[in-house]
2 protein chains.
Amino acid sequence: MKHLHDFGESEEMYLKTIAELASKQDPIPVTWVAERLGISTVSASEMIHRLENRRLLEHTPYKGVCLTDEGRRRANTIIRRQRLWECFLTDKLAITWDHVHDLACRLEHATDSMVTEALADYLGHPTTCPHGNPIPSTEGEMPPPEGIPLGDLTPGEGGVILRIHPVSALLLRHLAEKRIEPGKEIEVREIAPFDGPQSILIGDEMHVLGREVAAHIMIQPNTETLGSRKLMEILG
Amino acid sequence: MKHLHDFGESEEMYLKTIAELASKQDPIPVTWVAERLGISTVSASEMIHRLENRRLLEHTPYKGVCLTDEGRRRANTIIRRQRLWECFLTDKLAITWDHVHDLACRLEHATDSMVTEALADYLGHPTTCPHGNPIPSTEGEMPPPEGIPLGDLTPGEGGVILRIHPVSALLLRHLAEKRIEPGKEIEVREIAPFDGPQSILIGDEMHVLGREVAAHIMIQPNTETLGSRKLMEILG
DNA sequence: ATGGATTATTAGGCAAACCTAATATATAAT
DNA sequence: ATTATATATTAGGTTTGCCTAATAATCCAT
């Protein structure tokens, strides 16, 4: 039974979402996946079983899901497509960086490997997307993540924004409004008590960021400002 | 009930297909639509009813379907998207013209008007796709069709290929192999008896084309070679 | 170790787009 | 006018991907 539709789109969204969440924790609770995709845990559970049968992931009940090598490769291929389209949309079509995530997400499912590679050629094989995130290789390998979350810095510490985890369009628009962008210098000035919001300095402007937001901004820390304990952590 | 899927894709395919067929006849038999989309007449009939309820077309039983103004506008918008993507794929990504039709067809459904117009800007507002077909305006208006079918020419007559109706990937590949492309000079040499295939000369090569194929190649006739009867027809 | 919260599964449904088989209706051709 | 052919509709079924409500299994914290 043929459909004019591409029903594989859902599968791709699941794999991509799981891969994105996997950078935070492993294995990933099914609840997170459901929430991120905006669907019920029942539906997520069902689909995860289907993906498990196809050996794209492994599910340990009450723990979460882990992608298999094949699953991760597939996920990274999709992420590669999305990020290349993001580059195209910003660099060539002059669409602002806070809009391209959602637009590219729609294009990615309509793109085969032939177009993907032609696009990569055309763009000059960029290594990061407009949000600063690395672009996986043709073979589906993701470069190791860099930077530490802004949320982990304490007052006085700072650095340059490496990348922004593109969780939602709202987050990106929120940051774009405040002109908080990859490549910019940022410094933590204050943290409200009881693990409250951070006050940060960017350019000559001060802003207050919630913990959830700060967790998605990845920083290349400025070593001079860094406490020695944190330095140890980073250097290994 | 939200879906990760875009269920509007089918609707878009129906409208586009009907608009494309409408250049041949009006109203269009539902059978033609079903056949072109590769689905049963029952399914086509169902969907056509749905589209009729939404005032996108009108169906006269045992006659066929006509798009309403709104339906045609929508169809042309979709065709605009597809043809712009075709330009992008050939001009920028260097993908051969016989491949771009299907690839662009997938991208068109994932493209909103913002991206469409940015793409048109970027490409320098091309007026025809790589197959020579006109690109509808932003407002969804299709320029009047030009040229006459190669199949209508008789031996001795010829002209330049204006455009090729992109019915199927197979047809395009067939023509690409023989290097029968828009812009090229072509001449009919012979027609086999009983409305048989045409022998044509293109460059310094002779080829034999079936009636079905010849009907989809649109020619700007070379007036010197043309019989006077046909001349009258064309000039009105 | 036990109770409360989290996580999983089962059961039953819905909508979109397809399908086949059978039937009804209109057009066209004799 | 009748009949054969083409077209349309009805009935019943499938798959994918989602839903809610209810139940079952496990984890964790006291």
Side-chain angles (χ1 to χ4, degrees), chain A residues 1-18 21-22 24-54 56-66 71 74-75 78 105-106 108-110, chain B residues 1-18 21-22 24-54 56-66 74 78 105-106 108-110:
Chain A
M1 201 187 301
K2 261 179 280 179
H3 265 74
L4 264 30
H5 264 281
D6 176 16
F7 274 93
E9 209 167 307
S10 295
E11 174 191 314
E12 292 184 353
M13 283 305 287
Y14 276 86
L15 291 176
K16 195 178 73 163
T17 301
I18 294 166
L21 289 169
K24 308 240 157 194
Q25 191 177 318
D26 200 74
I28 300 139
V30 178
T31 323
W32 292 19
V33 180
E35 197 185 6
R36 200 53 169 345
L37 289 172
I39 60 180
S40 74
T41 54
V42 178
S43 301
S45 218
E46 263 178 14
M47 179 59 112
I48 280 166
H49 283 315
R50 263 174 278 167
L51 294 173
E52 191 167 34
N53 287 336
R54 300 219 247 122
L56 295 173
L57 52 77
E58 276 164 40
H59 177 223
T60 317
Y62 303 98
K63 297 276 182 205
V65 289
C66 293
R74 292 267 270 269
I78 298 154
C105 181
R106 301 190 52 202
E108 88 201 2
H109 307 293
Chain B
M1 200 188 301
K2 261 178 282 178
H3 264 75
L4 266 30
H5 265 281
D6 176 17
F7 273 92
E9 207 167 308
S10 296
E11 175 191 314
E12 292 184 354
M13 284 304 287
Y14 276 87
L15 291 176
K16 194 179 75 165
T17 302
I18 294 166
L21 290 170
K24 307 242 154 189
Q25 190 178 319
D26 200 74
I28 300 139
V30 179
T31 323
W32 292 19
V33 180
E35 197 184 6
R36 196 80 169 318
L37 289 172
I39 60 180
S40 74
T41 54
V42 178
S43 302
S45 219
E46 262 178 14
M47 179 60 112
I48 279 166
H49 283 314
R50 264 174 278 168
L51 294 173
E52 191 168 33
N53 288 337
R54 301 219 247 122
L56 296 173
L57 52 77
E58 277 163 41
H59 177 224
T60 317
Y62 304 98
K63 297 276 181 202
V65 289
C66 293
R74 291 266 271 267
I78 299 153
C105 181
R106 301 189 52 201
E108 88 201 1
H109 307 293

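Lettering follows sequence order; numbering is per chain, from 1.
- The number of heavy atoms from other shown groups lying within 6.0 Å of NZ (Lys24(A)) is above 12.
- With His109(B) as the partner, the side-chain hydrogen bond (donor to acceptor under 3.5 Å, both in side chains) test is satisfied by one option alone out of Glu9(B), Lys16(B), Glu12(B): Glu12(B).
- Residues satisfying the side-chain hydrogen bond (donor to acceptor under 3.5 Å, both in side chains) test with Arg106(B), not counting sequence neighbours, are none.
- Taking atom CE on Met13(B) and atom C1' on dA16(C), their separation rounds to 17 Å, with Å as the unit.
- For Glu35(B) and dA6(D), the CD to P distance is 13 Å, given to the nearest whole Å.
- The list of side-chain hydrogen bond (donor to acceptor under 3.5 Å, both in side chains) pairs with a residue in residues 43-52 of chain A, not counting sequence neighbours, reads Ser40(A)-Ser43(A).
- Contact between the side-chain N/O atoms of Thr41(A) and the OP1/OP2 oxygens of dT7(C) is not found at any separation under 4.0 Å.
- Residue contacts for Ser10(B): at a heavy-atom cut-off of 4.0 Å it reaches the sugar-phosphate backbone alone, with no base atom in range.
- Close to dT9(D), at under 4.0 Å from its OP1 or OP2, lies a side-chain N or O of His49(B).
- Phosphate contact (OP1/OP2 of dA8(D), side-chain N/O of Ser45(B), threshold under 4.0 Å): absent.
- Remark: P of dT20(D) and CD1 of Ile39(A) are 11 Å apart, rounded to the nearest angstrom.
- In the set dT9(C), dA17(C), dC18(D), the nucleotide with an atom closest to the side chain of Met47(B) is dA17(C).
- The distance between atom CD1 of Ile48(B) and atom P of dT10(D), rounded to the nearest whole Å, is 15 Å.
- Ring geometry for Phe7(A) versus His3(A): interplanar angle over 60°, hence perpendicular rather than tilted (30 to 60°).
- Across the protein-nucleic acid pair, Ile28(A) atom CD1 and dA8(C) atom P stand 13 Å apart, rounded to whole Å.
- At a threshold of 4.0 angstrom between heavy atoms, the contacts of Thr31(B) are confined to the sugar-phosphate backbone, with no base atom among them.
- Residue His3(A) has its side chain nearest to dC18(C) when only dC18(D), dC18(C), dA8(D) are considered.
- Atom C1' of nucleotide dC18(C) and atom NE2 of His5(B) are separated by 14 Å, given to the nearest angstrom.
- When each of dC18(C), dT20(C), dC19(D) is scored by its nearest atom to the side-chain atoms of Ser40(A), the top-ranked nucleotide is dC19(D).
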| note | Reading nucleotides 22-30 of chain C from 5' to 3' and marking B where a protein heavy atom lies under 4.0 Å of the base, S where only the sugar-phosphate is that close, and - otherwise, the string is ---BSS---
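- Here the rule is side-chain contact (heavy atoms from CB on, under 4.5 Å) with Arg36(A), and of Ile28(A), Thr31(A), Thr17(A) only Thr17(A) fits it.
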| query | What do the steps show when you test Arg74(B) against Arg54(B) for side chain to side chain contact (heavy atoms under 4.5 Å, CB included), and what is the final call? | reply | CA-CA 12 Å; Arg74(B) 291 266 271 267; Arg54(B) 301 219 247 122; 4.2 Å; yes
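- The nearest whole Å value for the distance from the CZ atom in Phe7(B) to the C1' atom in dC14(C) is 11 Å.
- Atom CD of Glu11(B) is surrounded by more than 12 heavy atoms from other residues, nucleotides or ligands within 6.0 Å.
- Nearest-nucleotide positions on DNA chain C place Glu46(A) closer to the 5' end than the other of Glu46(A) and Leu4(A).
- The CD atom of Glu12(B) sits 11 Å away from the P atom of dA17(C) (whole-angstrom rounding).
- Contact annotation: Arg50(A) side-chain N/O to dG17(D) OP1/OP2 distance is under 4.0 Å.
- Nearest to the side-chain atoms of His59(B) among the listed nucleotides dC18(D), dC19(C), dA8(D) stands dA8(D).
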